[in-house]
There are 2 protein chains.
Amino acid sequence: MDRRRTEKNDETSAKERPTLKTLAFMTGLGVTTVSRALKDAPEIGAETRRRVQLVAKQIGYRPNRAGVRLRTGRTNVISLVLNTEREIMSFVSDIIYGVSEVLADTPYHLIVTPYSRSQDPLDPIRYLVETGSADGVIISRTQPNDARARYMLEHGIPFATHGRTDMGLVHPYHDFDNHAFAVEAVRRLAGMGRRKLALLTPPVGLTYHGHTVNGFADALSEVGATEIPFSTVSIDHSIEQIRTRTAQLMRRDVRPDGFVSSAAAATLALVAGIEDAGLKLGRDVDIVSKQSSDLLHLFRPELLIVNENFRLAGSELARSVLGWIGGAAPGSLQSLSVPGEVLAYKRSTD
Amino acid sequence: MDRRRTEKNDETSAKERPTLKTLAFMTGLGVTTVSRALKDAPEIGAETRRRVQLVAKQIGYRPNRAGVRLRTGRTNVISLVLNTEREIMSFVSDIIYGVSEVLADTPYHLIVTPYSRSQDPLDPIRYLVETGSADGVIISRTQPNDARARYMLEHGIPFATHGRTDMGLVHPYHDFDNHAFAVEAVRRLAGMGRRKLALLTPPVGLTYHGHTVNGFADALSEVGATEIPFSTVSIDHSIEQIRTRTAQLMRRDVRPDGFVSSAAAATLALVAGIEDAGLKLGRDVDIVSKQSSDLLHLFRPELLIVNENFRLAGSELARSVLGWIGGAAPGSLQSLSVPGEVLAYKRSTD
DNA sequence: TTGGCAATCTGTAACGTTTCAGTATATTGC
DNA sequence: GCAATATACTGAAACGTTACAGATTGCCAA
């Protein structure tokens, strides 16, 4: 048996969710007219339009998503594609909140599409496109030559990337200016007299790894400091790995007196490694670190900190996808977030 | 004009997504038969069934979600309802990952439904129920008398709560045994000779606030220690507030020599406040803290730590909702996670 | 032979929406 | 005064799925 009420079309029982048919019955109009009136179609009389919209508001009419989706193919869904194991935690929720904030004022729902263990990052994208499960997609962990971005461009589905690509293709993105971050960080360290600097890099292969490395190198030559290579780990490595490798590095004769770190959690490991080697932050070494939540200064007040706002990133990304869906030019939906100043929480004379 | 191909029903062009009609054409059967065959209905011949399923797999048939949803009312969606501003960050992403993990092997999608600024927590629930946007719901920040749980029970939508309620109503939940956590924490502190203990509580009003407070009180009388009241802040307060209030507390004549803290971020503030007052962790005070990601020991090795696994919570919650949707008894879908042992990272003789 | 029945399979309708191709009525041009 | 036209509205069809109520076939008992 059908799971719904058996009397077909009982407009009197107010219990069921109102549909266009309900509205048509109440206003004495046809469903077509009601449908058009609700979306302000020009061929509907002004008064009729107002009347329909009034009644719709009164009885709390909400278009049935399945109906719309089946008929039009529009899902009213934005998908955020996440790597289940690599994404650093706190930053994910900030992005989600940022995206939500923007979608809240729209008919769009946010669905989280995970991809896990050494799976092809293209898999979830293919799934979304093939099943038509979303009108727009947001991806992160963007690479210079990103198969996912290319695929989505080819298939004409609007998307935005967290981080830029470098394939000569134009698409919406939001990025933090990691080049500028690295430059400012090096300048700051140099200004404190640090001359032998090491960089704890972003994950190799991601676009912002290159940005950061380049900014670091550019600034090194600008200030005339030298680099102590530290490429055995990145912020994607485990806390333990970073810690032990750092300790090894710091026990060598030629060791850095300054670090630039691209993530807060990695910085914790970095400091631990430094202290394992018997050295002291603020005396033997200084560190400039990015962070996304305001906690690092509690960890060690000697840390020099630059904030990266992932909530903002989420909002920008959502706005970009919506803009593209809305017909804006992809090239006009790109934004770059400039790092704020380097923050110090402890006077150097303390 | 229709946005789709104009020739109606061209089974030859392999470009469009296959539907039941496509399968019916290819197998020479009727759509009804195909539909039934795919779901292993008994009145379909065994060979036909195999044949249909083979073809379906070959051409990569996937049921159209909108079609199913419109016809059956089933959305194949689970909604995770989140407070956009209060939820501690890292823990949210862990839950999401946990939920995703379980949903990955099912046809279910995960949608994140946020509610923000001093909004009624019931609003998003009402929205979900009224618009029929999900087959199941997961909520957190559960209260002893939780309007959301009551509402969902009344409206017959399956859900699971992160944390228990106390209304005499039965529903699926997953909870961490915070009573046991507080008990173990107090015992540990007492075992180290700490006699004047303070509790940095969970947010007042949430169920696990009560559990924690009770466990703390029970253990205090068990070990014969006394409580130093510290109820001006909870882990929901800002880092700065916790820090200053802690410093104030620690400057008083009668001050705690041991703390139990319900969250990692709050513990950072706690330690900062203690050190602001010129006291030293491990010497003047000891702290047992919960954490959800494995970082606190890097912050201060003197910290005593109990892990809470939010990823597990997410998985359990997802399993519970799916179980309820699948017809299991709500009472059989409740789980309690017992705290592991208190972890120490620095020998007391160090 | 015929009636009954089990085993398979099928057509139709409906879920709620939008688009297409109208229809009916009033208005204008000449 | 009459055709042409603009204005306001409407029914039918379709998107892909499932439930219901048949339809067809073969087989067996009487």
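Please read these numbers as outputs of a predicted model, since none were measured by experiment.
Summarising the local packing, CZ of A:R49 is surrounded by more than 12 heavy atoms from other residues, nucleotides or ligands at distances under 6.0 Å. Counting non-hydrogen atoms of other residues, nucleotides and ligands closer than 6.0 Å to CZ of B:R51 gives a total above 12. Atom CZ of A:R311 has more than 12 neighbouring heavy atoms from other residues, nucleotides or ligands inside a 6.0 Å radius.
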For residues 154-163 of chain A, tabulate all N or O donor-acceptor pairs below 3.5 Å that involve a side-chain atom, not counting sequence neighbours.
{"from": "A:H155", "atom 1": "ND1", "to": "A:Y151", "atom 2": "O", "distance (Å)": "2.9"}
{"from": "A:T161", "atom 1": "OG1", "to": "A:G163", "atom 2": "O", "distance (Å)": "2.6"}

Distance-only donor-acceptor pairs under 3.5 Å for side chains of residues 317-330 of chain A, two or more places apart:
{"from": "A:S320", "atom 1": "OG", "to": "A:E316", "atom 2": "O", "distance (Å)": "3.0"}
{"from": "A:S320", "atom 1": "OG", "to": "A:L333", "atom 2": "O", "distance (Å)": "3.1"}

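Applying the 4.0 Å criterion to OP1 and OP2 of D:dT17, one finds that B:S35 has every side-chain N and O outside that range. The phosphate of D:dT18 has OP1 or OP2 within less than 4.0 Å of a side-chain N or O from B:K39.
The aromatic rings of B:H109 and A:Y127 stand perpendicular to each other, their planes meeting at an angle above 60°, with 30° marking the opposite boundary.
Look at CZ on B:R74: it is 9 Å from P on D:dT18, rounded to the nearest Å. Atoms CG (B:N64) and P (C:dC15) sit 18 Å apart, rounded to a whole Å. Rounded to an integer number of Å, the gap from CZ of A:R62 to P of C:dT17 is 13 Å. A straight line from NZ of B:K21 to P of C:dG11 spans 12 Å, rounded to a whole angstrom. Straight-line distance from the CD atom of B:E47 to the P atom of C:dC9: 9 Å, rounded to whole Å. The distance from atom CG of B:N76 to atom P of D:dT17 is 13 Å, rounded to the nearest whole Å. The distance between atom CG of A:L70 and atom P of C:dT17, rounded to the nearest whole Å, is 12 Å. Here C:dG11 presents its C1' atom at 15 Å from CG of B:L20, a figure rounded to the nearest Å.
Between the side chain of A:R71 and the base of C:dT18, at least one donor-acceptor pair of N or O atoms lies under 3.5 Å.
Using a 4.0 Å heavy-atom criterion, one finds that B:T32 contacts the bases of the nucleic acid, with or without backbone contacts as well.
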Using atom names, set out every protein N or O paired with an N or O of nucleotides 6-9 of chain D below 3.5 Å, distance rounded to 0.1 Å.
{"from": "D:dC9", "atom 1": "OP1", "to": "A:T48", "atom 2": "OG1", "distance (Å)": "2.7"}
{"from": "D:dC9", "atom 1": "OP2", "to": "A:G45", "atom 2": "N", "distance (Å)": "2.9"}
{"from": "D:dC9", "atom 1": "OP2", "to": "A:T48", "atom 2": "OG1", "distance (Å)": "3.1"}

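Side-chain contact annotation: B:T75 with B:D135, donor-acceptor N/O pair under 3.5 Å present.
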